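Written below as C-alpha coordinates is the structure these notes are about.
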Protein chains: 2
Amino acid sequence: MRARLLEATVECLVERGFSGTSTTLVSERAGVSRGAQLHHFPTKNALVVAAVEHLSDVRRDELAAAAAALPTGRRRTRAVLHMLGDHFASPLFVAALELWVAARTDEALMEAVAPLEQRIGRETHRMTVELLGADESQPGVRELVQATLDLVRGLGLADTITDDARRRRRILDQWADTLDAAIAAGAGPETTGAHAPGKDDR
Amino acid sequence: MRARLLEATVECLVERGFSGTSTTLVSERAGVSRGAQLHHFPTKNALVVAAVEHLSDVRRDELAAAAAALPTGRRRTRAVLHMLGDHFASPLFVAALELWVAARTDEALMEAVAPLEQRIGRETHRMTVELLGADESQPGVRELVQATLDLVRGLGLADTITDDARRRRRILDQWADTLDAAIAAGAGPETTGAHAPGKDDR
(Lines give C-alpha, C1' and ligand atoms only; values in the text may rest on other atoms or scores of the structure.)
Protein backbone atom coordinates (compact mmCIF):
# COMPACT_ATOMS: atom_id res chain seq x y z
CA MET A 1 0.00 0.00 0.00
CA ARG A 2 2.91 2.34 0.81
CA ALA A 3 4.50 1.71 -2.62
CA ARG A 4 1.13 2.27 -4.33
CA LEU A 5 0.73 5.64 -2.61
CA LEU A 6 4.24 6.69 -3.55
CA GLU A 7 3.86 5.70 -7.18
CA ALA A 8 0.54 7.54 -7.43
CA THR A 9 2.25 10.61 -5.97
CA VAL A 10 4.96 10.60 -8.63
CA GLU A 11 2.31 10.22 -11.35
CA CYS A 12 0.41 13.18 -9.91
CA LEU A 13 3.55 15.33 -9.76
CA VAL A 14 4.34 14.51 -13.39
CA GLU A 15 0.80 15.08 -14.67
CA ARG A 16 -0.34 18.02 -12.54
CA GLY A 17 2.80 19.54 -11.08
CA PHE A 18 3.47 20.26 -7.42
CA SER A 19 0.68 22.80 -7.00
CA GLY A 20 -1.85 20.47 -8.67
CA THR A 21 -0.93 17.54 -6.40
CA SER A 22 -3.04 16.97 -3.28
CA THR A 23 -3.17 14.15 -0.75
CA THR A 24 -6.86 13.61 -1.64
CA LEU A 25 -6.05 13.17 -5.31
CA VAL A 26 -3.22 10.76 -4.51
CA SER A 27 -5.30 8.56 -2.19
CA GLU A 28 -8.06 8.40 -4.83
CA ARG A 29 -5.62 7.46 -7.56
CA ALA A 30 -3.90 4.85 -5.39
CA GLY A 31 -7.25 3.42 -4.25
CA VAL A 32 -6.23 3.88 -0.63
CA SER A 33 -8.51 5.30 2.07
CA ARG A 34 -7.80 8.80 3.35
CA GLY A 35 -7.32 7.38 6.84
CA ALA A 36 -4.72 4.87 5.72
CA GLN A 37 -2.98 7.51 3.66
CA LEU A 38 -2.82 9.97 6.56
CA HIS A 39 -1.48 7.18 8.76
CA HIS A 40 1.47 6.61 6.42
CA PHE A 41 2.04 10.24 5.39
CA PRO A 42 0.44 12.89 7.59
CA THR A 43 1.27 15.83 5.27
CA LYS A 44 1.63 16.56 1.57
CA ASN A 45 5.30 17.40 2.10
CA ALA A 46 5.97 14.04 3.78
CA LEU A 47 4.23 12.29 0.90
CA VAL A 48 6.01 14.03 -1.99
CA VAL A 49 9.48 13.79 -0.44
CA ALA A 50 8.99 10.08 0.34
CA ALA A 51 7.74 9.54 -3.22
CA VAL A 52 10.79 11.07 -4.89
CA GLU A 53 13.07 9.23 -2.46
CA HIS A 54 11.33 5.92 -3.14
CA LEU A 55 11.42 6.32 -6.92
CA SER A 56 15.06 7.37 -6.90
CA ASP A 57 15.95 4.21 -4.96
CA VAL A 58 14.01 2.10 -7.45
CA ARG A 59 15.64 3.86 -10.43
CA ARG A 60 19.12 3.55 -8.88
CA ASP A 61 18.69 -0.20 -8.69
CA GLU A 62 17.34 -0.31 -12.26
CA LEU A 63 20.32 1.72 -13.47
CA ALA A 64 22.74 -0.58 -11.68
CA ALA A 65 21.13 -3.58 -13.39
CA ALA A 66 21.17 -1.85 -16.80
CA ALA A 67 24.81 -0.87 -16.29
CA ALA A 68 25.84 -4.52 -16.29
CA ALA A 69 24.76 -4.74 -19.95
CA LEU A 70 26.78 -1.70 -21.12
CA PRO A 71 29.50 -2.36 -23.71
CA THR A 72 33.18 -2.15 -22.83
CA GLY A 73 35.84 -0.54 -25.01
CA ARG A 74 35.57 2.58 -27.15
CA ARG A 75 31.76 2.69 -27.30
CA ARG A 76 31.37 2.58 -23.53
CA THR A 77 31.46 6.31 -22.77
CA ARG A 78 28.71 7.05 -25.31
CA ALA A 79 26.57 4.24 -23.88
CA VAL A 80 27.06 5.48 -20.32
CA LEU A 81 26.12 9.04 -21.32
CA HIS A 82 23.01 7.92 -23.19
CA MET A 83 21.94 5.96 -20.13
CA LEU A 84 22.46 9.02 -17.92
CA GLY A 85 20.76 11.31 -20.46
CA ASP A 86 17.68 9.08 -20.55
CA HIS A 87 17.70 8.89 -16.74
CA PHE A 88 17.58 12.69 -16.50
CA ALA A 89 14.72 12.82 -19.02
CA SER A 90 12.61 10.28 -17.10
CA PRO A 91 9.45 10.88 -15.03
CA LEU A 92 11.65 10.70 -11.90
CA PHE A 93 13.57 13.78 -13.05
CA VAL A 94 10.31 15.60 -13.80
CA ALA A 95 8.87 14.76 -10.37
CA ALA A 96 12.12 15.77 -8.67
CA LEU A 97 12.18 19.02 -10.68
CA GLU A 98 8.67 19.86 -9.45
CA LEU A 99 9.86 19.29 -5.89
CA TRP A 100 13.12 21.24 -6.19
CA VAL A 101 11.36 24.23 -7.77
CA ALA A 102 8.54 24.24 -5.20
CA ALA A 103 11.10 23.93 -2.38
CA ARG A 104 12.85 27.07 -3.58
CA THR A 105 9.98 29.18 -2.19
CA ASP A 106 8.76 26.81 0.58
CA GLU A 107 11.06 26.70 3.59
CA ALA A 108 9.53 23.60 5.21
CA LEU A 109 9.73 21.65 1.97
CA MET A 110 13.32 22.80 1.41
CA GLU A 111 14.34 21.39 4.80
CA ALA A 112 13.23 17.95 3.66
CA VAL A 113 14.34 18.28 0.04
CA ALA A 114 17.88 19.62 0.48
CA PRO A 115 19.32 16.51 2.22
CA LEU A 116 17.58 14.24 -0.30
CA GLU A 117 18.96 16.24 -3.24
CA GLN A 118 22.45 16.00 -1.73
CA ARG A 119 22.21 12.25 -1.20
CA ILE A 120 20.91 11.61 -4.73
CA GLY A 121 23.62 13.91 -6.12
CA ARG A 122 26.38 12.02 -4.27
CA GLU A 123 25.05 8.61 -5.34
CA THR A 124 24.71 9.66 -8.97
CA HIS A 125 28.22 11.12 -8.95
CA ARG A 126 29.71 7.94 -7.48
CA MET A 127 27.84 5.74 -9.98
CA THR A 128 29.02 7.89 -12.89
CA VAL A 129 32.66 7.70 -11.75
CA GLU A 130 32.39 3.92 -11.57
CA LEU A 131 30.62 3.52 -14.91
CA LEU A 132 33.16 5.72 -16.70
CA GLY A 133 36.10 4.17 -14.85
CA ALA A 134 37.22 7.74 -14.17
CA ASP A 135 40.27 8.34 -11.98
CA GLU A 136 39.38 11.41 -9.94
CA SER A 137 42.88 11.66 -8.51
CA GLN A 138 43.91 13.00 -11.93
CA PRO A 139 43.67 16.78 -12.23
CA GLY A 140 40.48 18.01 -13.86
CA VAL A 141 38.77 14.62 -14.02
CA ARG A 142 36.49 15.30 -11.07
CA GLU A 143 35.34 18.58 -12.62
CA LEU A 144 34.66 16.84 -15.95
CA VAL A 145 32.49 14.22 -14.22
CA GLN A 146 30.59 17.01 -12.43
CA ALA A 147 30.25 18.90 -15.72
CA THR A 148 28.83 15.75 -17.32
CA LEU A 149 26.16 15.51 -14.63
CA ASP A 150 25.32 19.21 -14.86
CA LEU A 151 25.08 18.76 -18.64
CA VAL A 152 22.56 15.91 -18.38
CA ARG A 153 20.62 17.95 -15.80
CA GLY A 154 20.44 20.83 -18.27
CA LEU A 155 19.39 18.44 -21.04
CA GLY A 156 16.72 17.01 -18.76
CA LEU A 157 15.33 20.48 -18.15
CA ALA A 158 15.26 21.23 -21.90
CA ASP A 159 13.39 17.97 -22.46
CA THR A 160 10.52 19.07 -20.22
CA ILE A 161 9.55 21.78 -22.76
CA THR A 162 10.08 19.91 -26.04
CA ASP A 163 10.87 16.30 -26.83
CA ASP A 164 14.59 16.65 -27.14
CA ALA A 165 15.82 13.07 -27.63
CA ARG A 166 17.45 13.52 -31.04
CA ARG A 167 19.33 16.69 -30.12
CA ARG A 168 20.34 15.15 -26.79
CA ARG A 169 21.81 12.10 -28.53
CA ARG A 170 23.96 14.19 -30.87
CA ILE A 171 25.23 16.37 -28.04
CA LEU A 172 26.04 13.41 -25.80
CA ASP A 173 27.91 11.59 -28.61
CA GLN A 174 30.10 14.64 -29.07
CA TRP A 175 30.52 15.12 -25.31
CA ALA A 176 31.55 11.45 -24.96
CA ASP A 177 34.30 11.84 -27.55
CA THR A 178 35.50 15.10 -26.03
CA LEU A 179 35.45 13.61 -22.53
CA ASP A 180 37.45 10.55 -23.63
CA ALA A 181 40.01 12.73 -25.41
CA ALA A 182 40.31 15.11 -22.44
CA ILE A 183 40.79 12.31 -19.94
CA ALA A 184 43.31 10.54 -22.22
CA ALA A 185 45.24 13.80 -22.63
CA GLY A 186 45.31 14.53 -18.89
CA ALA A 187 42.24 16.78 -18.87
CA GLY A 188 43.67 19.90 -20.48
CA PRO A 189 46.68 22.14 -20.88
CA GLU A 190 46.04 24.56 -18.03
CA THR A 191 44.79 22.25 -15.37
CA THR A 192 47.70 20.08 -14.30
CA GLY A 193 48.06 20.51 -10.58
CA ALA A 194 45.80 23.54 -10.52
CA HIS A 195 42.53 21.87 -9.55
CA ALA A 196 42.88 19.50 -6.66
CA PRO A 197 39.78 17.38 -6.09
CA GLY A 198 37.34 19.41 -4.01
CA LYS A 199 35.37 18.24 -1.02
CA ASP A 200 31.91 19.31 -2.08
CA ASP A 201 30.93 16.42 -4.29
CA ARG A 202 27.37 16.37 -5.47
CA MET B 1 4.42 51.99 -15.80
CA ARG B 2 4.65 48.94 -18.05
CA ALA B 3 8.30 48.38 -17.09
CA ARG B 4 7.45 48.78 -13.39
CA LEU B 5 4.74 46.13 -13.65
CA LEU B 6 7.06 43.75 -15.46
CA GLU B 7 9.89 44.18 -12.99
CA ALA B 8 7.52 43.63 -10.06
CA THR B 9 6.32 40.45 -11.75
CA VAL B 10 9.82 39.04 -12.03
CA GLU B 11 10.46 39.88 -8.36
CA CYS B 12 7.24 38.08 -7.41
CA LEU B 13 8.18 35.00 -9.46
CA VAL B 14 11.61 34.87 -7.81
CA GLU B 15 10.32 35.41 -4.26
CA ARG B 16 7.05 33.47 -4.32
CA GLY B 17 7.21 31.20 -7.34
CA PHE B 18 4.63 30.91 -10.11
CA SER B 19 1.83 29.64 -7.88
CA GLY B 20 2.46 32.40 -5.31
CA THR B 21 2.36 35.14 -7.96
CA SER B 22 -0.94 36.93 -8.53
CA THR B 23 -1.90 39.99 -10.54
CA THR B 24 -3.16 41.66 -7.34
CA LEU B 25 0.19 41.16 -5.62
CA VAL B 26 2.06 42.50 -8.62
CA SER B 27 -0.05 45.65 -8.97
CA GLU B 28 0.39 46.35 -5.22
CA ARG B 29 4.14 45.86 -5.43
CA ALA B 30 4.43 48.02 -8.55
CA GLY B 31 2.21 50.73 -7.04
CA VAL B 32 -0.07 50.55 -10.07
CA SER B 33 -3.88 50.52 -9.90
CA ARG B 34 -5.68 47.26 -10.68
CA GLY B 35 -7.47 48.97 -13.55
CA ALA B 36 -4.26 50.17 -15.18
CA GLN B 37 -2.68 46.78 -14.66
CA LEU B 38 -5.61 44.94 -16.26
CA HIS B 39 -5.50 47.39 -19.16
CA HIS B 40 -1.88 46.49 -19.92
CA PHE B 41 -2.08 42.78 -19.06
CA PRO B 42 -5.57 41.28 -18.86
CA THR B 43 -4.41 37.90 -17.46
CA LYS B 44 -1.74 36.46 -15.20
CA ASN B 45 -0.34 34.48 -18.12
CA ALA B 46 -0.01 37.61 -20.29
CA LEU B 47 1.76 39.36 -17.42
CA VAL B 48 4.29 36.63 -16.56
CA VAL B 49 5.22 35.88 -20.17
CA ALA B 50 5.69 39.59 -20.95
CA ALA B 51 7.79 39.94 -17.79
CA VAL B 52 10.23 37.16 -18.71
CA GLU B 53 10.38 38.44 -22.29
CA HIS B 54 11.08 42.00 -21.11
CA LEU B 55 13.77 40.96 -18.65
CA SER B 56 15.47 38.70 -21.17
CA ASP B 57 15.66 41.61 -23.64
CA VAL B 58 17.15 43.83 -20.94
CA ARG B 59 19.64 41.13 -19.90
CA ARG B 60 20.61 40.41 -23.52
CA ASP B 61 21.55 44.07 -23.98
CA GLU B 62 23.45 44.04 -20.67
CA LEU B 63 25.34 40.91 -21.74
CA ALA B 64 26.22 42.48 -25.08
CA ALA B 65 27.61 45.50 -23.27
CA ALA B 66 29.55 43.34 -20.79
CA ALA B 67 30.91 41.23 -23.65
CA ALA B 68 32.79 44.23 -25.01
CA ALA B 69 34.95 44.20 -21.87
CA LEU B 70 35.90 40.51 -22.08
CA PRO B 71 39.58 39.71 -22.53
CA THR B 72 40.95 38.34 -25.77
CA GLY B 73 43.50 35.55 -26.06
CA ARG B 74 43.83 32.43 -23.95
CA ARG B 75 41.72 33.67 -21.00
CA ARG B 76 38.75 34.53 -23.19
CA THR B 77 36.93 31.20 -23.13
CA ARG B 78 36.99 31.09 -19.32
CA ALA B 79 35.69 34.65 -19.14
CA VAL B 80 32.89 33.92 -21.62
CA LEU B 81 31.84 30.81 -19.69
CA HIS B 82 31.84 32.64 -16.35
CA MET B 83 29.65 35.34 -17.89
CA LEU B 84 27.24 32.70 -19.19
CA GLY B 85 27.32 30.78 -15.91
CA ASP B 86 26.44 33.92 -13.94
CA HIS B 87 23.69 34.72 -16.46
CA PHE B 88 22.09 31.30 -15.90
CA ALA B 89 22.29 31.78 -12.12
CA SER B 90 20.57 35.19 -12.22
CA PRO B 91 17.01 36.13 -11.14
CA LEU B 92 16.02 36.02 -14.83
CA PHE B 93 16.87 32.31 -14.99
CA VAL B 94 14.92 31.68 -11.79
CA ALA B 95 11.86 33.55 -13.08
CA ALA B 96 12.08 31.74 -16.44
CA LEU B 97 12.45 28.39 -14.62
CA GLU B 98 9.24 29.08 -12.69
CA LEU B 99 7.49 29.78 -15.98
CA TRP B 100 8.88 26.77 -17.88
CA VAL B 101 7.97 24.40 -15.05
CA ALA B 102 4.46 25.82 -14.63
CA ALA B 103 3.93 25.67 -18.41
CA ARG B 104 4.71 21.95 -18.39
CA THR B 105 1.30 21.27 -16.83
CA ASP B 106 -0.62 24.34 -18.13
CA GLU B 107 -1.47 24.13 -21.81
CA ALA B 108 -2.45 27.79 -22.26
CA LEU B 109 0.76 28.98 -20.62
CA MET B 110 2.82 26.55 -22.71
CA GLU B 111 1.42 28.03 -25.90
CA ALA B 112 2.83 31.40 -24.92
CA VAL B 113 6.03 30.10 -23.33
CA ALA B 114 7.26 27.69 -26.01
CA PRO B 115 7.90 30.31 -28.73
CA LEU B 116 9.57 32.60 -26.19
CA GLU B 117 11.82 29.77 -24.97
CA GLN B 118 12.80 29.01 -28.57
CA ARG B 119 13.59 32.62 -29.37
CA ILE B 120 15.68 33.09 -26.21
CA GLY B 121 17.44 29.77 -26.94
CA ARG B 122 18.32 30.84 -30.49
CA GLU B 123 19.56 34.26 -29.38
CA THR B 124 21.68 32.83 -26.60
CA HIS B 125 23.14 30.24 -28.97
CA ARG B 126 24.03 32.90 -31.55
CA MET B 127 25.60 35.14 -28.90
CA THR B 128 27.66 32.26 -27.52
CA VAL B 129 28.97 31.34 -30.98
CA GLU B 130 30.03 34.95 -31.53
CA LEU B 131 31.62 35.37 -28.11
CA LEU B 132 33.62 32.15 -28.45
CA GLY B 133 34.48 32.85 -32.09
CA ALA B 134 33.36 29.27 -32.77
CA ASP B 135 33.26 28.01 -36.35
CA GLU B 136 30.15 25.84 -36.51
CA SER B 137 31.00 24.62 -40.00
CA GLN B 138 33.66 22.46 -38.30
CA PRO B 139 32.37 19.02 -37.29
CA GLY B 140 31.33 18.74 -33.68
CA VAL B 141 31.67 22.44 -32.87
CA ARG B 142 27.93 23.12 -33.00
CA GLU B 143 27.28 20.25 -30.58
CA LEU B 144 29.99 21.56 -28.22
CA VAL B 145 28.37 25.00 -28.17
CA GLN B 146 24.97 23.42 -27.48
CA ALA B 147 26.53 21.26 -24.75
CA THR B 148 28.05 24.38 -23.18
CA LEU B 149 24.61 25.99 -22.99
CA ASP B 150 22.99 22.84 -21.59
CA LEU B 151 25.81 22.70 -19.05
CA VAL B 152 25.19 26.26 -17.82
CA ARG B 153 21.45 25.52 -17.74
CA GLY B 154 22.14 22.52 -15.49
CA LEU B 155 24.45 24.61 -13.32
CA GLY B 156 21.73 27.26 -13.08
CA LEU B 157 19.26 24.67 -11.85
CA ALA B 158 21.73 23.38 -9.24
CA ASP B 159 22.23 26.95 -8.04
CA THR B 160 18.54 27.32 -7.17
CA ILE B 161 18.91 24.76 -4.35
CA THR B 162 22.30 25.73 -2.92
CA ASP B 163 24.62 28.64 -3.59
CA ASP B 164 26.85 26.93 -6.08
CA ALA B 165 29.17 29.72 -7.29
CA ARG B 166 32.47 28.15 -6.16
CA ARG B 167 31.73 24.73 -7.65
CA ARG B 168 30.40 26.35 -10.84
CA ARG B 169 33.62 28.33 -11.27
CA ARG B 170 35.83 25.25 -10.99
CA ILE B 171 33.70 23.27 -13.41
CA LEU B 172 33.56 26.08 -15.97
CA ASP B 173 37.34 26.66 -15.78
CA GLN B 174 37.90 23.00 -16.57
CA TRP B 175 35.27 22.97 -19.32
CA ALA B 176 36.82 26.11 -20.90
CA ASP B 177 40.18 24.34 -21.19
CA THR B 178 38.58 21.14 -22.50
CA LEU B 179 36.46 23.08 -24.99
CA ASP B 180 39.48 25.02 -26.29
CA ALA B 181 41.48 21.81 -26.67
CA ALA B 182 38.59 20.00 -28.39
CA ILE B 183 38.03 22.81 -30.88
CA ALA B 184 41.77 23.16 -31.55
CA ALA B 185 42.02 19.40 -32.15
CA GLY B 186 39.03 19.33 -34.52
CA ALA B 187 36.46 18.38 -31.87
CA GLY B 188 37.42 14.74 -31.31
CA PRO B 189 38.63 11.53 -32.87
CA GLU B 190 35.31 10.01 -33.85
CA THR B 191 33.42 13.03 -35.07
CA THR B 192 35.11 14.19 -38.26
CA GLY B 193 32.43 14.24 -40.90
CA ALA B 194 30.04 12.26 -38.76
CA HIS B 195 28.01 15.10 -37.28
CA ALA B 196 26.93 17.66 -39.82
CA PRO B 197 25.48 20.79 -38.25
CA GLY B 198 21.83 20.17 -37.45
CA LYS B 199 18.95 22.46 -38.17
CA ASP B 200 17.31 22.52 -34.78
CA ASP B 201 19.38 25.15 -33.06
CA ARG B 202 18.17 26.26 -29.66
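Only a predicted model underlies this, so the values are computations on that prediction, with no experimental measurement involved. Chain naming here is simple, since letters A, B, ... match the order of the sequence lines and numbering starts at 1 in each.
With respect to chain B, the highest number of heavy-atom pairs below 4.5 Å among A/V113, A/L172, A/L157 belongs to A/L157.
Proximity to chain A (any heavy atom under 4.5 Å) is shown, for B/A103, by neither the backbone nor the side chain. Only the side chain of B/S19 comes within contact range of chain A, judged by heavy atoms closer than 4.5 Å.
Pairs passing the ring-ring contact (aromatic ring centres under 6.0 Å, His included) check and including a residue from residues 131-186 of chain B, sequence neighbours excluded, read A/W175-B/W175.
Closest of all the heavy-atom pairs between A/R153 and B/A158 is NH1-CB, 3.3 Å. Closest approach of A/I161 and B/E117 over heavy atoms only: CG2-OE1, 4.2 Å. When all heavy atoms of B/A147 and A/L151 are compared, the closest pair comes out as O-CD1, 3.5 Å.
With contacts defined as side-chain heavy-atom distances shorter than 4.5 Å, the pair B/R170/A/Q146 qualifies. You'll find the side chain of A/D150 reaches within 4.5 Å of the side chain of B/R167, heavy atoms only.
With a 6.0 Å radius and a threshold of 12 heavy atoms from other residues, nucleotides or ligands, B/R119 has its CZ atom above the threshold. More than 12 heavy atoms of other residues, nucleotides or ligands shown are found within 6.0 angstrom of CZ on B/R34. Within a 6.0 Å sphere centred on CZ of A/R16, other residues, nucleotides and ligands contribute 12 heavy atoms or fewer.
Distance check, rounded to the nearest 0.5 Å: CG of A/D159 to CZ of B/R104 gives 11.0 Å. One finds the OG1 atom of B/T178 at 9.5 Å from the CD atom of A/E143 (value rounded to the nearest 0.5 Å).
Interface residues of residues 88-102 of chain B toward chain A, defined by a heavy-atom distance below 4.5 Å and sorted by number: B/F93, B/V94, B/L97, B/E98, B/W100, B/V101.
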